[in-house]
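Hydrogens, waters and symmetry mates are skipped; everything else that's a heavy atom, side chains included, is used. Lettering of chains follows the sequences in order, A, B, ..., and the numbering in each one begins at 1.
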Amino acid sequence: MIKERFFLYRKTFLALIVAGIFISIPWVTSDFFVLMAIRVMYFGMLTMSLTFLAGELGVVSLMQASFFGIAGYFVAILQTRYGLPFPFPPLVGIAVSLIIAGLLGMLVIRVRGIYFLMLTLVLGQLVWALASQWSSVTEGDTGIMNVYAPVLFGISMEKSKTAFYYFQLFFFAGATWFLIALRRSPFGLMLRGIRESESRMRMLGYPVSLLRYAAFVFAALVAAIGGVFFVYFMGLINPSSVSLATNVETLLAAILGGINTLAGAVLGTGILKTLDVVLSGITKRYLLFMGIMFLFVILFAPKGIIGTVRNYGRSFLSPLMRWFGLGED
Amino acid sequence: MKDVDLVINHGESRALIGPNGAGKTTLFNLITGEIRSDRGEISLFGANITHEPVQKRIQLNLGRTYQMSNLFQELTVKENLFLATWKRGDVSWSLLATLFRSWNEFKAPCHHAFEIARQVGLEERFNAKVNELSHGEHRQLELGIILAHSPKILLLDEPMAGLSATERSFMTRQIMGLKSEMTIVIIEHDIDVAFSIADQVSVLHQGSIIAEGSPEETRANPQVQQIYTLSRNSKDKQYD
């Protein structure tokens with residue numbers, strides 16, 4: 001009991017440190033860093049939705065950006081075309097994204113492994129084709145512009161990036177807590193059971209398809225929340241947000257950080273987005289350098305940064321991570 | 001399977017024996033619903049389950065172990081047994097109830113999981129990952145997972161496969177101890193073990209039941225002796 005309480009406090013201590021870092025960012029860093037952090041958080045939610053499915057169910061989805069983009073498109077359409085006031089556009093956007101995830105989920109839960117990857121790739125491309133071709137609704141390749149972040153409690157999220165940061169941080173923390181709570185719950189354990197042996201789970205009487213379906217929809221929810229903040233921050237949305245490139249970039253961020261972990265999702269997104277900005281400012285061939293970096297990650301750290309740090313049991317970081325109770329995560 | 005007519009009475013221990021490829025595991029798969037039957041009828045406790053899905057049959061207290069251990073390799077013994085005990089009705093099993101509480105906080109299934117681990121001799125390996133266990137411990141856990149589910153009829157598919165003599169003796173004692181609590185159907189290549197556990201024996205050959213009776217009757221059956229001699233000879237020829 002005492003050990004359990006100590007364990008609980010250690011995790012609370014870690015949570016407080018992480019919360020403190022996130023809360024202090026606008027006070028101790030530059031405006032550029034705040035903008036980068038905003039970017040990392042909304043893309044981080046997209047990557048977390050992918051790593052949740054990969055880590056818990058053992059499937060890699062190449063269509064999480066679709067749910068991210070669908071929510072974004074609906075926010076843009078409802079605000080710019082129909083003038084709906086906040087919070088209706090994001091609520092409808094997330095709801096539509098969930099309904100589409102619910103419909104497509106009935107298809108994708110039937111397949112596993114490489115077939116899951118292929119089917120989600122095809123469905124993701126279908127969403128991209130719709131965004132690109134259905135010009136009367138989506139404005140085609142130009143996309144929808146002039147989307148403004150809302151005014152909350154008299155503060156314009158559009159004008160104050162610090163306010164936007166905290167507004168997004170609240171939902172980012174909520175989405176992260178939601179996924180962590182799911183992972184820790186019996187539901188999360190059931191998903192890991194399905195990942196390890198689907199036939200055994202069926203023999204134990206679990207509704208395997210329903211559980212896979214629920215996981216898929218929950219992951220889509222987190223991606224959709226990210227999509228809402230993406231469109232509010234960028235002020236526009238176009239087919240590139242639902243493209244294969246975005247899906248692959250999300251997968252690369254997950255691989256870089258550690259595809260089985262939520263922390264890896266955020267870390268990978270942070271590194272990828274930072275390098276994206278830094279390298280593209282130095283050279284036009286920045287994609288070449290990114291490619292070389294991924295080659296090194298896949299060859300020498302296939303479990304990503306978090307996985308590799310955990311593997312080196314004698315390194316100085318691992319005892320620290322174990323102390324914080326992250327060893328079994 | 002061809003014209004298989006098999007009746008197993010409540011509380012009985014039945015061994016299914018036969019050479020490789022006789023259809024023993026296929027028969028198990030048909031009973032559990034992992035293979036759908038295109039003809040015939042399967043009844044469990046008087047209810048026709050021929051067209052019922054696997055989950056429904058499990059709800060009717062059917063449990064099975066696999067020839068090859070089918071465990072959650074990356075999870076711990078505790079997590080394996082928790083998943084097996086979770087649906088026993090100790091806690092509210094609705095999706096919503098499971099979402100926002102750590103599985104470790106559900107004390108009753110955790111306690112039951114530990115009791116099962118003790119019953120199958122894995123209490124000291126309770127927090128070890130399954131992929132760190134020996135083959136014998138895998139078989140013990142396999143049995144534990146089924147026991148956690150409290151089945152009324154237990155299908156054991158070669159539970160002694162790959163076990164050492166000591167482990168076999170431990171496993172045999174475990175199964176003998178279950179005879180009073182549940183109906184047991186066992187597939188076992190070790191005839192001595194099968195006959196020591198079973199009250200009745202059914203012999204399968206090329207998808208049909210060719211003999212039924214007590215272990216003594218089966219042992220004395222000339223047709224059974226011939227099949228086993230043929231089977232052994234063909235194996236010897238393969239090795240030659």
Do [X] and [Y] touch side chain to side chain, with heavy atoms closer than 4.5 Å?
X        : Y        : answer
A/Glu196 : B/Glu79  : no
B/Gln55  : A/Met203 : no
B/Ile58  : A/Leu204 : no

Where do B/Trp86 and A/Met190 land on the side-chain contact (heavy atoms from CB on, under 4.5 Å) test, with the steps shown first?
CA-CA 10 Å; B/Trp86 175 247; A/Met190 286 173 214; 3.2 Å; yes
Distance, nearest 0.5 Å, that separates [atom1] of [X] from [atom2] of [Y]:
X        : Y        : atom1 : atom2 : answer
B/Glu34  : A/Arg202 : CD    : CZ    : 10.0 Å
A/Ser185 : B/Phe106 : OG    : CZ    : 8.0 Å
A/Leu189 : B/Ser102 : CG    : OG    : 9.5 Å

Taking atom [atom1] as the centre, does [X] end up with more than 12 heavy-atom neighbours from other residues, nucleotides or ligands that are less than 6.0 angstrom away?
X        : atom1 : answer
B/His135 : NE2   : yes
A/Tyr115 : OH    : no
B/Arg36  : CZ    : yes
A/Met118 : CE    : no
B/Lys179 : NZ    : yes

Closest heavy-atom pair and its distance - A/Arg195, B/Glu74
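In this case the closest contact between A/Arg195 and B/Glu74 is NH2-CB, 3.9 Å.
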Return the minimal non-hydrogen interatomic distance between A/Met201 and B/Phe72, and the atom names on each side.
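Looking at all heavy atoms of both residues, the closest pair is SD-CZ, 3.5 Å.
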Would you confirm whether A/Arg200, through its side chain, and B/Leu71, through its main-chain N or O, come within 3.5 Å as a donor-acceptor pair?
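No; zero donor-acceptor contacts below 3.5 Å.
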